[in-house]
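Quick caveat: nothing in here was measured; it's all calculated off a predicted structure. This chain uses plain numbering: 1 for the first residue, then up along the sequence.
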Amino acid sequence: MATKITNKKPNFANARSHAENITKKKQSVNLQKVNINGEKVVMSVREYRTLKKAA
């Protein structure tokens, strides 16, 4: 089982059509399963990229 280490939450925004109708939409976080030191971890791709840069 992969361990979730991120605290990121989805972003809620308005979807606007050409007729200016407003509906709420959810922008989900891009979560991926990653192996770090042989341990399966669920983290966002943005956090993983930052982690790779720091190493």
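Annotation for N11: atom CG counts as buried by contact number, over 12 foreign heavy atoms lying within 6.0 Å.
For the salt bridge (Lys or Arg N to Asp or Glu O under 4.0 Å) test, residues two or more places apart in sequence or in another chain that qualify with R16 are E20.
Both V41 and L51 are members of a single hydrophobic cluster when ILVMFWY side chains are connected at heavy-atom separations under 4.5 Å. V45 and V42 fall into different hydrophobic clusters, where Ile, Leu, Val, Met, Phe, Trp and Tyr side chains are chained together by heavy-atom contacts under 4.5 Å. Linking ILVMFWY side-chain heavy atoms closer than 4.5 Å, directly or via other members, places M43 and L31 in two distinct hydrophobic clusters.
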Give the C-alpha distance, both sets of side-chain angles, the deciding distance and a yes or no for side chain to side chain contact (heavy atoms under 4.5 Å, CB included) between N14 and K24.
-> CA-CA 5 Å; N14 288 328; K24 286 284 188 181; 3.5 Å; yes
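Of all the heavy atoms in P10 and S28, the pair that sits closest is CB-CA, 4.3 Å.
To the nearest 0.5 Å, the span separating CZ on R46 from OG1 on T6 amounts to 11.0 Å. Remark: F12 CZ to K25 NZ distance equals 12.5 Å, nearest 0.5 Å.
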